[in-house]
2 protein chains.
Amino acid sequence: MKRGRKPSIDAADITRAAIAIADAEGLAAVSMARVAQELGNATMALYRHVKSKDELLALMSDSAMEDPPVLPAGGWRERLWFWAKAVLEGISRHPWFPQIPISGPPVGPHSLAWFDAGLGALDGTPLEPGEKVGVVMGLMTFVHGEARLRIALTRGFQEDPAAFNGRYGKVLRELVDGKKMPALAAVVDAGVFDVDDLFDVEDVAAEFDFGLHLFLEGVAAHIASKGSA
Amino acid sequence: MKRGRKPSIDAADITRAAIAIADAEGLAAVSMARVAQELGNATMALYRHVKSKDELLALMSDSAMEDPPVLPAGGWRERLWFWAKAVLEGISRHPWFPQIPISGPPVGPHSLAWFDAGLGALDGTPLEPGEKVGVVMGLMTFVHGEARLRIALTRGFQEDPAAFNGRYGKVLRELVDGKKMPALAAVVDAGVFDVDDLFDVEDVAAEFDFGLHLFLEGVAAHIASKGSA
DNA sequence: AATTTATGCGTACGTCATACGCAAAACGCG
DNA sequence: CGCGTTTTGCGTATGACGTACGCATAAATT
C-alpha cells in the first residue's frame, strides 16, 4: 500500500468542481478559494493536486469537450459537417471554453479524441496525411472562432437586449462615412444589419452554416483538383 | 473657453501607453497602476478618462489594428488573399490582441475600416450583400483563430524550445492508442508531426496559407455556382 | 508504539481593480 | 485682482485574488 495520508480529492475532482462553477456562474467566478469551498476543503489544499491555477485551466480546457460523437455513415462532407456542428455544440455547453488561453498543442485525451474524429471524417479521401491535418485544424480554428464570437454576442444581447435589437444597423449608419468606407456603407444601406434581432438564434446559426459551407466547398474543390491531377 | 482644470492626458494617451506596455511585456503587465506610472500620473487619475479597465481593453482592441492597407488591383481572390495576410500581420504586431475578450460587434473606427476593406475586396463579384458580409466575417474569424493559435504556439516554443523541438510527434506516439484513435494514429505514423521544429516560421505560415487557400477555394466555388444559377 | 511519508491547511504577502472624498488648478465674472 | 464654480488629480482604503511557507495531521511501515 501507499504510505501517507490518503488524498481526500484528486485533480479530476477539482477540475469537475471548477467546470461546474464556470458553467453556472462564468469563468470569472472560478477562484481557487471558490473551488475549494465547493469541495469542502481549504484553499491551499488544492495545490497538492494542481500546480497552479493555470494548470487547472488547462485541465478544464481539455475536459470541457466531453467525448466526440460517433460520426454518421456517409461521405466525408456529411461527416465533416456533422463533426463541425458537434464541436460547436460541445463548446456551447461550456461558454467559457474560448476564454481559456491556449497553452500549447493538443495533448489532453479529449482534445486528441476530437482531433481523431475530425481526421476520421476524411477517411477515404485522396488527401495526404498532412493535408488532412490542415483541413481539420483549419476547420477547428474556424469553429472555435465562430463560437467565441457567437458566445460574446449572445452574452451582450442577454445583458442588454435593448442596446442590440435592431440598433446595430442604426449605429453603423451613423458611424460609417460613405466616402471613406464605400463597401461597408453599401451593405449597411442594403439593410443587412437591419434585422429586428441581430442575434436571433436562427440568424447566428445561419451565419455559421454559411461559413462552414464555404470551407467545405473549398475542401471539395481541393479534393477535386487532386483527383484530376 | 472651458472651465476647470485642464486634462493632462486623455483616453487616447492612456490607450497608447497601455498598448506600448502590452507590446513590450505582454497583456498581463498592463495594470492601471503600471499605465499610470508610464504616463507620470497617479493610478486613480486614469479613471477620469476611462470608465474601467474593461473599457480600456476595448479601446486597446480597436486601436491595435492600425489602418487597413490599400488593396492591390486585381481579382477578388488576390485582393482577399492580400487582405487576410494583412489582418494576420496586423495581429502579429500586437500578439496580445486575441487575448482581449470580445465585447460586442465591431464599432471602433479601425475595426470598421478593416471590415470595409474586406468587403471592398469583393467588389465586382455577384455576391449578395449578406453573402459578402458572411464571407468577410467568416474569413475574419478564421484569421483571428489562426493567429491566436500561432501566437500561443510561438510563445510556448520561445519559452521552452527543448520541449517543442520534434517532441510533439514523440509525445503523440505515446499518447495515441491506435485502436481508439485510428485516424490520428495514421497521420502520426505518417510522420506529419515529426518535423525538426514543429513551430518553424515557415511551417506555421504554410499551415495558414493552406487554410486560407481552402476558404477562398470555397468562395470561388460559391461564386461559380451563383453564376450558373 | 515509533517512524516515515504524504496530505490538509492557517497565516501572510504582494498585486490588483476601484469606490470615495478632498485637494488643486483653471476658468468666468465682478 | 479676487471670488466662486467647475473639472481634473490623486491619497487612502477595501476586498478579492494567487500562492509561498511551514506546521499539523493522518495513514502505512517498522
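Side chains included, hydrogens not; waters and symmetry mates left out as well; all remaining heavy atoms used. Lettering of chains follows the sequences in order, A, B, ..., and the numbering in each one begins at 1.
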ask   = So, B/R173 and B/D189, do they make that salt bridge, N to O below 4.0 Å?
value = yes

key: Rounded interatomic separation in angstrom, taking CG from A/L46 and P from D/dA20   = 13 Å

remark   = Ranking D/dC21, C/dG8, D/dT8 by distance to the side chain of A/A45, first place goes to C/dG8

ask   = Rounded to whole angstroms, how far apart are CD on B/E55 and P on C/dT18?
value = 11 Å

task = Nearest whole angstrom, please: distance from the P of D/dG9 to the CG of B/L39.
result = 11 Å

ask   = How long is the line joining CZ of A/R34 and C1' of D/dG15, in whole Å?
value = 17 Å

message = Below the 4.0 Å mark, does C/dA17 have OP1 or OP2 next to a side-chain nitrogen or oxygen of B/S52?
response = no

query = Which of the following nucleotides, D/dG18, C/dC9, D/dC10, is nearest to the side chain of A/K53?
reply = D/dG18

task = Quick one: sort the B/F142 and A/F215 rings into parallel, tilted or perpendicular, breaks at 30° and 60°.
result = tilted

ask   = Hey, does the side chain of A/T43 come within less than 4.0 Å of D/dT19's phosphate (OP1/OP2), counting only N and O?
value = no

ask   = B/Q37 CD to D/dG9 C1': how many Å, rounded?
value = 17 Å

key: Gap between atoms CG and C1', on A/D54 and D/dG18 respectively (whole Å)   = 10 Å

message = Taking the minimum atom-to-atom distance to the side chain of A/M32, which one of C/dG8, D/dG18, D/dC10 wins?
response = D/dG18

ask   = Just checking, any donor-acceptor pair under 3.5 angstrom between side chains of A/H49 and A/D10?
value = no

ask   = Expressed in angstrom and rounded to an integer, what is the separation of A/H49 atom NE2 from D/dT19 atom P?
value = 16 Å

query = Does the D/dG9 base have a donor-acceptor partner in the side chain of B/R48 within less than 3.5 Å?
reply = yes

request  = Look at A/K85 together with A/D209 and state whether they make a salt bridge at an N to O cut-off of under 4.0 Å.
outcome  = yes

key: Among D/dG9, C/dA17, D/dT6, the nucleotide that comes nearest once only the side chain of B/Y47 is considered   = C/dA17

query = Taking only side-chain nitrogens and oxygens of B/K6, does any of them come within less than 4.0 Å of OP1 or OP2 of C/dC27?
reply = yes

ask   = Under 3.5 Å, is there a donor-acceptor pair between the side chain of B/Y168 and the main chain of A/P106?
value = yes

Residue whose nearest DNA chain C nucleotide is more 5′ - A/S8 or B/K51 = A/S8

ask   = Which nucleotide in the list D/dT29, D/dT12, D/dT25 gets nearest to the side chain of A/R5?
value = D/dT25

request  = Identify which nucleotide among D/dA28, C/dG8, D/dA20 has an atom closest to any side-chain atom of A/M44, counting heavy atoms from C-beta outward.
outcome  = D/dA20

